[in-house]
Amino acid sequence: MIRRRDGENWVLISQSDHAALSGELAPHVGGMTFAKLEETAIHACALHDAGWPLHDESPTLNLDRNPLDVFETPRELGLSIWEKSAEIAAEENPYAGLLVSLHSLHLSALPMPVPERFENSQMRQRFENNKFQHKQIELQENLRRELGMQTDIPLTLGLASSGTDPREDQLLFDFRWLQTLDQISLAVCCTHSPFDRAMVYARPGRRMTELHLARSGNDLLVSPWPFEQRELSCTIAGRVVPNQPWESTELFRQAYNHAPVEQIEVRIRESG
């Protein structure tokens with residue numbers, strides 16, 4: 001769930017809708033400098049948050065009793081969602097499943113809070129995180145075998161170094177674009193862009209290129225421009241609820257389920 005401020009209200013955007021926007025943007029990648037994405041990679045972009053209905057169909061509150069935002073996701077909840085996302089994608093297509101599992105694995109590798117003193121809850125959380133990572137690595141090995149990809153090469157979080165093999169370079173290219181389109185979609189959906197840059201490969205096997213991201217109102221400015229069209233327009237749908245602390249999760253869910261839907265028109269265009 002993305003919690004976007006709109007005056008005295010919140011516009012709540014589901015992660016599924018955010019991921020669908022990533023999938024809508026993916027076919028437009030390409031141009032004189034940037035290579036296009038293949039269909040399976042485009043499909044993975046649209047599926048990268050496929051497990052989020054586990055939360056968004058029954059959304060929760062944060063500690064301040066506001067709707068829980070994606071960037072406030074407790075690790076335990078995140079692990080169940082990331083596992084489900086990889087599972088759904090792998091059932092639909094092994095290569096899409098590999099990409100989404102890699103995305104989930106990299107999310108699980110983000111820093112966890114360091115306790116000031118020994119706490120059983122923290123130790124349990126780290127144990128569950130490690131268990132999740134081992135399960136994703138096992139899934140990725142199985143998907144690699146199904147795809148005829150190597151399983152006996154050095155990997156860091158499931159990825160080989162650039163230049164190892166053409167198929168590994170293609171996987172790196174596709175994975176970085178999945179992450180970047182995720183970031184671009186979040187940058188237009190959130191109140192303010194959480195990112196000011198993203199790293200991609202213009203083509204498999206090439207050096208990485210840095211894209212600069214900046215919000216101007218509802219517009220997102222991107223440089224250098226990585227898409228075929230000179231400008232992209234899209235509509236984001238979100239449910240409108242009052243910006244207030246909620247007395248209970250039950251009352252919030254009732255309001256959310258009956259909330260009016262707002263359509264937000266946004267543009268993604270070249271900086272300058």
Side-chain angles (χ1 to χ4, degrees), residues 1-31 33-34 37 42 44-46 48-49 52 55-56 59 62 64 66-73 78 81-82 85 103-104 106-107 109-111 175-202 208-241 243 261-272:
M1 183 79 68
I2 296 168
R3 191 179 66 231
R4 180 187 178 111
R5 185 181 292 276
D6 183 16
E8 299 301 314
N9 296 317
W10 294 121
V11 179
L12 303 178
I13 302 164
S14 74
Q15 289 297 105
S16 295
D17 286 344
H18 141 70
L21 177 56
S22 296
E24 290 173 18
L25 297 174
H28 299 289
V29 171
T33 304
F34 295 90
L37 292 170
I42 292 171
C45 292
H48 78 266
D49 277 342
W52 264 95
H55 173 268
D56 288 358
N62 64 14
D64 296 322
N66 285 312
L68 184 77
D69 182 76
V70 59
F71 289 103
E72 302 166 344
T73 305
I81 288 169
W82 302 334
S85 296
H103 178 64
S104 296
H106 280 245
L107 289 173
L110 294 173
F175 173 70
R176 287 304 312 170
W177 271 107
L178 183 153
Q179 288 197 315
T180 293
L181 292 167
D182 176 31
Q183 291 174 313
I184 288 175
S185 178
L186 286 169
V188 297
C189 289
C190 295
T191 307
H192 305 288
S193 175
F195 313 101
D196 61 7
R197 66 195 65 203
M199 300 298 296
V200 295
Y201 292 95
M208 295 193 81
T209 298
E210 184 176 80
L211 302 183
H212 296 273
L213 312 177
R215 274 280 287 276
S216 176
N218 282 345
D219 290 0
L220 180 69
L221 311 181
V222 183
S223 178
W225 186 245
F227 300 108
E228 290 181 315
Q229 297 174 227
R230 301 314 304 166
E231 181 178 296
L232 297 173
S233 298
C234 48
T235 302
I236 303 166
R239 299 192 189 192
V240 182
V241 300
N243 177 358
V261 175
E262 179 175 319
Q263 305 288 337
I264 304 170
E265 302 294 331
V266 301
R267 292 186 302 169
I268 303 171
R269 54 189 176 88
E270 187 173 7
S271 178

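- Counting heavy atoms from C-beta on, the side chains of Ser216 and Arg269 come closer than 4.5 Å.
- Of all heavy-atom pairs spanning Phe34 and Trp177, the tightest one is CD2-CZ2, 3.8 Å.
- Pro226 is not listed as a side-chain neighbour of Val200, based on a closest heavy-atom distance of 4.5 Å or more.
- Here the CG-CZ distance, from Leu186 to Phe71, works out to 5.0 Å after rounding to the nearest 0.5 Å.
- Contact annotation: the side chain of Thr209 approaches that of Pro224 to within less than 4.5 Å [non-hydrogen atoms, C-beta and beyond].
- Counting non-hydrogen atoms of neighbouring residues, nucleotides and ligands closer than 6.0 angstrom, the CD atom of Glu265 exceeds 12 such neighbours.
- With rounding to the nearest 0.5 Å, the separation of CZ in Arg239 from CG in Leu12 is 9.0 Å.
- For the residue pair Ser223/His212, the side-chain donor-acceptor check at 3.5 Å is not satisfied.
- Nearest approach of Trp225 to Arg230, heavy atoms of both residues: CD1-NH1, 3.4 Å.
- A distance of 9.5 Å separates CZ of Phe195 from CD of Gln179, quoted to the nearest 0.5 Å.
- Here the shortest heavy-atom pairing between Arg4 and Cys190 reads NH1-O, 3.5 Å.
- At least one side-chain heavy atom of Gln15 sits less than 4.5 Å from a side-chain heavy atom of Ile2.
- Atom CG of Leu21 is separated from atom CD1 of Ile13 by 9.5 Å, given to the nearest 0.5 angstrom.
- A donor-acceptor distance shorter than 3.5 angstrom exists from the side chain of Arg3 to the backbone of Pro67, with no hydrogens or angles considered.
- A donor-acceptor distance shorter than 3.5 angstrom exists from the side chain of Ser85 to the backbone of Ile81, with no hydrogens or angles considered.
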Apply side chain to side chain contact (heavy atoms under 4.5 Å, CB included) to Trp52 and Thr73, showing your working.
CA-CA 11 Å; Trp52 264 95; Thr73 305; 3.3 Å; yes
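- What you find for Glu228 and Gly31 is that their closest heavy atoms are CG-N, 4.0 Å.
- Pairing each heavy atom of Asn243 with each of Arg5, the nearest pair is ND2-NH1, 2.7 Å.
- No donor-acceptor pair closer than 3.5 Å links the side chain of Ser271 to the backbone N or O of Leu221.
- Counting only distance, with no hydrogens or angles, the side chain of His28 and the backbone of Leu25 share no donor-acceptor pair below 3.5 Å.
- Looking only at distances, no side-chain donor or acceptor of Asn218 sits under 3.5 Å from a matching main-chain atom of Val266.
- Heavy atoms only, all atoms of each residue included: Ala187 and Arg215 are closest at O-NH1, 2.6 Å.
- Using a 4.5 Å cut-off on side-chain heavy atoms (C-beta onward), Asp56 and Ser16 make no contact.
- Note that OG of Ser193 and CG of Leu220 are 6.0 Å apart. Values are rounded to the nearest 0.5 Å.
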Residues Val240, Val11; criterion side chain to side chain contact (heavy atoms under 4.5 Å, CB included); working and verdict
CA-CA 5 Å; Val240 182; Val11 179; 4.3 Å; yes
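- Looking only at side-chain heavy atoms (C-beta outward), Leu68 and His55 come within less than 4.5 Å of each other.
- In this structure, NE2 on His48 lies 9.5 Å from OG on Ser104, to the nearest 0.5 angstrom.
- Although no hydrogens or angles enter the test, the distance criterion places no donor-acceptor pair under 3.5 Å between the side chain of Asp64 and the main chain of Asn66.
- In this structure, Ser14 contributes its side chain and Asp17 its backbone to a donor-acceptor pair below 3.5 Å.
- Counting heavy atoms from C-beta on, the side chains of Leu213 and Val222 come closer than 4.5 Å.
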Determine whether Val29 and Thr180 satisfy the following criterion, side chain to side chain contact (heavy atoms under 4.5 Å, CB included), listing intermediate values before the conclusion.
CA-CA 11 Å; Val29 171; Thr180 293; over 6 Å; no
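- Looking at heavy atoms from C-beta onward, Phe175 lies in side-chain contact with His106 at the 4.5 angstrom threshold.
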List the steps, then state whether side chain to side chain contact (heavy atoms under 4.5 Å, CB included) holds for His18 with Asp182.
CA-CA 8 Å; His18 141 70; Asp182 176 31; 2.8 Å; yes
